[in-house]
Amino acid sequence: MTHQDSMDTTPPAATRTLATEAVHAGREDLAALGLHAAPLDLSTTYPSHDSRAEAARLDEFAATGARLQGPPVYARLDNPTVARFETALARLEGAEAGVAFASGMAALTAVLLVRAAQGLRHVVAVRPLYGCSDHLLGSGLLGTEVTWTDPAGIADAIRPDTGLVMVETPANPTLAEIDLKAVAHSCGSVPLLVDNTFATPVLQRPVEHGARIVLHSATKYLGGHGDVLGGVVACDEETARELRKVRFATGGVLHPLAGYLLLRGLSTLPVRVRAQSATAAELARRLADDPRIARVYYPRLGGAMVSFEVRGEPHEVIAGVRLITPAVSLGSVDTLIQHPGSISHRIVCEDDRRTGGIGEKLLRMSVGLEDVEDLWNDLDAALGSAREAGGGAGRRAGNAEEDAAGVSAVPSGRLPEPGRAGR
């Protein structure tokens, strides 16, 4: 019996909490299969003696993009292990379907190709976005044209050929927050794509606020251990069918081992995110009171990301950490720090970085599961080595306009209560 045959992928009648869904979604059929842990299927191809039936199934997929029923055919079409992860992520996001890809950028590429194939090549987007997302939209590599605007200008920027509105909230790397309900209203009939990588469904479910498409770099919090690369889109079934066609044609498939690790990662996602968020909030508070820090960015939503501008030399902070890992990426169980202007957003030109609020003094930290005192001691030592000659005055407070945008110089967001976030 295959996963596709035996598993009912529709949500249960009684709504379960996010913590329970994270553990059980995508695994409901295991007991009937005599299994406790989800199996890992590494097959690239599958035997079938009924080639006429296979032809009919492939014709149906080509016409509809619907997930194949019955035994798998070929790994580029579908994989049972990856399908479990897709089902679970869609359940956590409150979406009809999930479609997984080899990376977050492969997932975004597929979305853009789907819209472009329908003659809708124009994208309206709000900065800042992840640097490679910004580059992909603006480079014209996929034949797209982008109009950059602030949230208030979205409605005016939409044209007849607009296929997508894209936002990221909290944004990478400034952690600016956007009112998703207001933005979704401004989009009208144009699909709103929300990059939910930083928040995860533990803190925010964009579908509930009107988003049609939710994007994750699954490499980050969904995997959670810095050892798997992947991307996933949560969306309605109609969009999922088009995405599956693009994935099959372009080959940006998620490897089954990655799917296995991501499904396992989801089971601890709520616990990890809440614990990391508590530590991040405390570090943000301490940084906000430190005279060596010019500004701290921490979202009202909470979360495990903290960004801050130093008064001294940011590159010396990167060189000075010993417990914290100086590396790109985020969302792992260990704490990472990086300089966005040099790494994650280097591909964005300097003027556009400045427009997005990404200054040369800005550092971005992804807080892990270490003890808060150990992390603070490491940061304190690294900041000491980067101190400006003569020291500096006290922290500069954020202005009202920045606070209204969700960027706060003083961490002001109360963390969700354990057991309630993402219900």
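Counting begins at 1 with the first residue of the sequence. Computed from heavy atoms alone, side chains included, the values below leave out hydrogens, waters and symmetry copies.
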Please report the C-alpha distance between D134 and R127 in whole Å, then the side-chain angles of each, then the deciding distance to 0.1 Å, and finally whether the salt bridge (Lys or Arg N to Asp or Glu O under 4.0 Å) criterion is met.
CA-CA 8 Å; D134 188 308; R127 280 192 172 114; 2.6 Å; yes

Is the side chain of T144 donor-acceptor paired with the backbone N or O of V123 at a distance under 3.5 Å, no angle test?
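Checking the backbone N and O of V123 against the side chain of T144, no donor-acceptor pair under 3.5 Å is found.
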
Given 3.5 Å as the limit, does a donor-acceptor pair link the side chain of E96 with the main chain of E237, or not?
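Answer holds: yes.
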
Would you say the side chain of [Y] lies within less than 4.5 Å of the side chain of [X], judging by non-hydrogen atoms?
X: F85; Y: N79; value: no
X: Y298; Y: M305; value: no
X: R16; Y: R91; value: yes
X: L108; Y: F101; value: no
X: R67; Y: F61; value: no
X: L254; Y: L262; value: yes
X: L77; Y: P72; value: no
X: Y130; Y: M105; value: yes

Are F198 and Y221 near enough that their ring centres are under 6.0 Å apart?
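No, they do not, as the ring centres are separated by 6.0 Å or more.
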
NZ/NE/NH1/NH2 to OD/OE distance under 4.0 Å, [X] and [Y]:
X: D380; Y: R292; result: yes
X: E145; Y: R159; result: yes
X: E313; Y: K361; result: no
X: R311; Y: D290; result: no
X: E21; Y: R27; result: no
X: R212; Y: D236; result: yes

side-chain contact (heavy atoms from CB on, under 4.5 Å) between W148 and L137, worked out:
CA-CA 10 Å; W148 298 103; L137 292 178; 4.1 Å; yes

Could you tell me which residues satisfy ring-ring contact (aromatic ring centres under 6.0 Å, His included) with H185, sequence neighbours excluded, listed by chain and number?
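Per chain and number, H185 pairs via ring-ring contact (aromatic ring centres under 6.0 Å, His included) with no residue.
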
Who passes ring-ring contact (aromatic ring centres under 6.0 Å, His included) against Y260, sequence neighbours left out?
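Residues passing ring-ring contact (aromatic ring centres under 6.0 Å, His included) with Y260: none at all.
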
Between [atom1] on residue [X] and [atom2] on residue [Y], distance to nearest 0.5 Å:
X: L89; Y: L263; atom1: CG; atom2: CG; value: 10.0 Å
X: T109; Y: L142; atom1: OG1; atom2: CG; value: 5.5 Å
X: L215; Y: S133; atom1: CG; atom2: OG; value: 6.5 Å
X: L379; Y: L363; atom1: CG; atom2: CG; value: 9.5 Å
X: T335; Y: D378; atom1: OG1; atom2: CG; value: 9.0 Å
X: I154; Y: T162; atom1: CD1; atom2: OG1; value: 11.0 Å

Using distance alone, with no hydrogens and no angle criterion, decide if [X] and [Y] have a side-chain donor and acceptor under 3.5 Å apart.
X: T169; Y: E177; value: no
X: R364; Y: N172; value: yes
X: H225; Y: S332; value: no
X: E93; Y: H216; value: yes

Is there a side-chain contact (heavy atoms from CB on, under 4.5 Å) between L243 and R247? Walk through the geometry before answering.
CA-CA 6 Å; L243 288 171; R247 182 177 62 182; over 6 Å; no

Shortest non-hydrogen contact between A97 and A240, atoms and distance:
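Reported closest heavy-atom pair: CB-CB, 3.6 Å.
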
Would you indicate whether E238, at its atom CD, is surrounded by more than 12 heavy atoms from other residues, nucleotides or ligands within a distance under 6.0 Å?
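Atom CD in E238 is not crowded, with 12 or fewer foreign heavy atoms closer than 6.0 Å.
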
Criterion salt bridge (Lys or Arg N to Asp or Glu O under 4.0 Å) on R286 and E373, from CA distance to verdict:
CA-CA 11 Å; R286 296 187 188 190; E373 297 300 334; 2.7 Å; yes

